[in-house]
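Since the structure is predicted, the reported quantities are computational estimates derived from the model, not experimental observations.
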Amino acid sequence: MASTTAVPEVALRSGDARPMPAIGMGTAKFPVVPETTMKAMLEAVELGYRHFDTASMYATERPLGEALAEAVRRGLLASREEVFVTSKLWCTQCHPHLVLPSLRESLRNLQMEYVDLYLIHWPISLKPGPAVLPVKREEAVPFDFEGVWRGMEECHRLGLAMAIGVSNFTTSHLNKLLAAAAVPPAVNQVEMNPVWQQRKLRDYCAEKGIHIAAYSPLGGQNWSGDGSAVLDSEVLAEIAGLRGKTVAQVALRWIYEQGATPIVKSFSKERLEENLGIFDWGLTDDDLRKIDQIPQKKIVTAAGVLFCAEGEFTSADIADMEIVEE
């Protein structure tokens with residue numbers, strides 16, 4: 001059954017992209033099973049999703065492109081222009097001469113002439129080579145903010161990326177980028193949820209006209225496997241009970257009310273449908289006060305997610321690469 005709830009959209013302040021639908025489907029799922037991925041994406045289109053988030057690192061560009069082409073063939077979409085597609089530049093490609101070739105490769109995978117939004121995936125540059133995780137620490141090299149952003153601006157100028165932006169950038173990284181930018185970033189996609197609220201970064205981005213997209217909106221990237229601080233939150237459970245909603249819906253609604261766009265990773269049709277049910281109700285002032293008081297805990301860090309525990313950073317400083325906003 002298709003969703004009956006219309007998804008609002010937000011106009012981006014920079015670039016030429018169509019307005020961004022206010023919820024997106026994330027596609028980072030390992031290992032990638034193309035058939036499962038395609039099926040979930042087609043179901044998402046049927047339910048009303050029009051915003052899809054991928055990356056070269058996820059290896060889901062190809063199945064996403066195939067799913068959207070199939071959706072057009074089936075008449076679920078009138079054309080590719082109906083969807084908002086984001087992809088990302090991986091760290092091994094964060095070199096001025098590799099930005100444009102990397103996007104061209106992503107477009108071949110997606111079978112598209114352009115992406116709506118192209119992001120620098122991390123404020124981290126690695127020696128060119130295959131994308132593997134975890135990364136050896138000695139592979140990290142200094143990030144050329146001006147040179148890499150010039151490459152991103154070229155992607156935009158050529159019409160291959162309707163808007164350009166960043167992911168996992170702190171205010172410090174954004175200051176360096178904005179000092180060199182002719183075209184400012186339209187979006188900063190970061191970890192954001194009621195347990196990691198990013199207040200300082202949100203205030204900064206609002207002042208600069210940079211829209212926030214929120215990954216791990218349900219605290220899903222808890223690598224230790226000991227549950228989700230969001231979904232296990234007693235505060236959110238209490239609010240969900242009062243509102244007749246699920247904890248996930250409360251968390252997503254909170255993100256939306258902060259002016260950010262949640263990117264939700266679920267391949268379950270029931271969850272995909274549930275996650276769309278956040279636009280026709282609201283949180284009370286009392287709800288918001290309770291959420292404001294939730295203890296804060298960041299899950300995703302550069303040192304914890306990207307790099308091997310052993311070895312040394314020989315040419316780049318981890319302090320320059322870390323994504324935790326103090």
Less than 3.5 Å apart, which donor and acceptor atoms pair up between the side chains of residues 91-104 and the rest of the protein, not counting sequence neighbours?
residue, atom, partner, partner atom, Å
H95, NE2, L126, O, 2.7
S102, OG, Y118, OH, 3.4

Side chains of residues 8-15: which donor-acceptor partners sit under 3.5 Å, not counting sequence neighbours?
residue, atom, partner, partner atom, Å
E9, OE2, R18, NH2, 2.5
S14, OG, P184, O, 2.7

Exercise answer: donor-acceptor pairs, residues 158-169 side-chain atoms, under 3.5 Å, sequence neighbours excluded:
residue, atom, partner, partner atom, Å
S167, OG, H121, O, 3.4
S167, OG, Q189, O, 2.8
N168, OD1, Y215, OH, 2.5
N168, ND2, H121, O, 3.0

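Annotation: ring-ring contact (aromatic ring centres under 6.0 Å, His included) contacts of F52 (sequence neighbours excluded): none. For F84, the ring-ring contact (aromatic ring centres under 6.0 Å, His included) partners are H51, not counting sequence neighbours. The salt bridge (Lys or Arg N to Asp or Glu O under 4.0 Å) search around D286 returns R289, K290, not counting sequence neighbours. Remark: E322 engages no residue in a salt bridge (Lys or Arg N to Asp or Glu O under 4.0 Å) (not counting sequence neighbours). In terms of the ring-ring contact (aromatic ring centres under 6.0 Å, His included) criterion, Y114 has no residue partners (sequence neighbours excluded).
Heavy atoms of other residues, nucleotides or ligands lying less than 6.0 angstrom from NZ of K39 number 12 at most.
Sorted by first and then second residue, the side chain to side chain donor-acceptor pair (under 3.5 Å) pairs with a member in residues 70-79 read E70-R73, E70-R74, S79-E81; sequence neighbours excluded. Under the salt bridge (charged side-chain N to carboxylate O under 4.0 Å, His left out) criterion, the residue pairs touching residues 115-133 are R80-D116, with sequence neighbours excluded. Within the structure, side chain to side chain donor-acceptor pair (under 3.5 Å) pairs that include any residue of residues 150-162 comprise D16-H156, W149-E153, R150-E153, E154-R157 (at least two apart or interchain).
Distance alone, capped at 3.5 Å, is enough to place a donor-acceptor pair between the Q296 side chain and the I294 backbone. Side chain of D287 to backbone of T284: a donor-acceptor contact under 3.5 angstrom is found. In terms of modelled atom types and a separation under 3.5 Å, the side chain of R50 and the main chain of V45 share a donor-acceptor contact.
A 4.5 Å side-chain heavy-atom check between I120 and K88 finds every atom pair outside the cut-off. Side-chain atoms of W281 and Q249, non-hydrogen and from C-beta on, do get closer than 4.5 Å to each other. Counting heavy atoms from C-beta on, the side chains of V235 and Q293 never come closer than 4.5 Å.
Contact between L119 and M152 at its shortest, heavy atoms only, is C-CE, 3.8 Å.
With side-chain heavy atoms closer than 4.5 Å counting as contact, directly or through intermediates, I263 stands alone and belongs to no larger hydrophobic cluster.
When only modelled atom types and interatomic distance are considered, T54 and S87 share no side-chain donor-acceptor pair under 3.5 Å.
The pair R137-E312 does not count as a salt bridge, with every side-chain nitrogen at least 4.0 angstrom from each carboxylate oxygen. Under 4.0 Å is where a charged nitrogen must lie from a carboxylate oxygen, and between E257 and R253 at least one such pair does.
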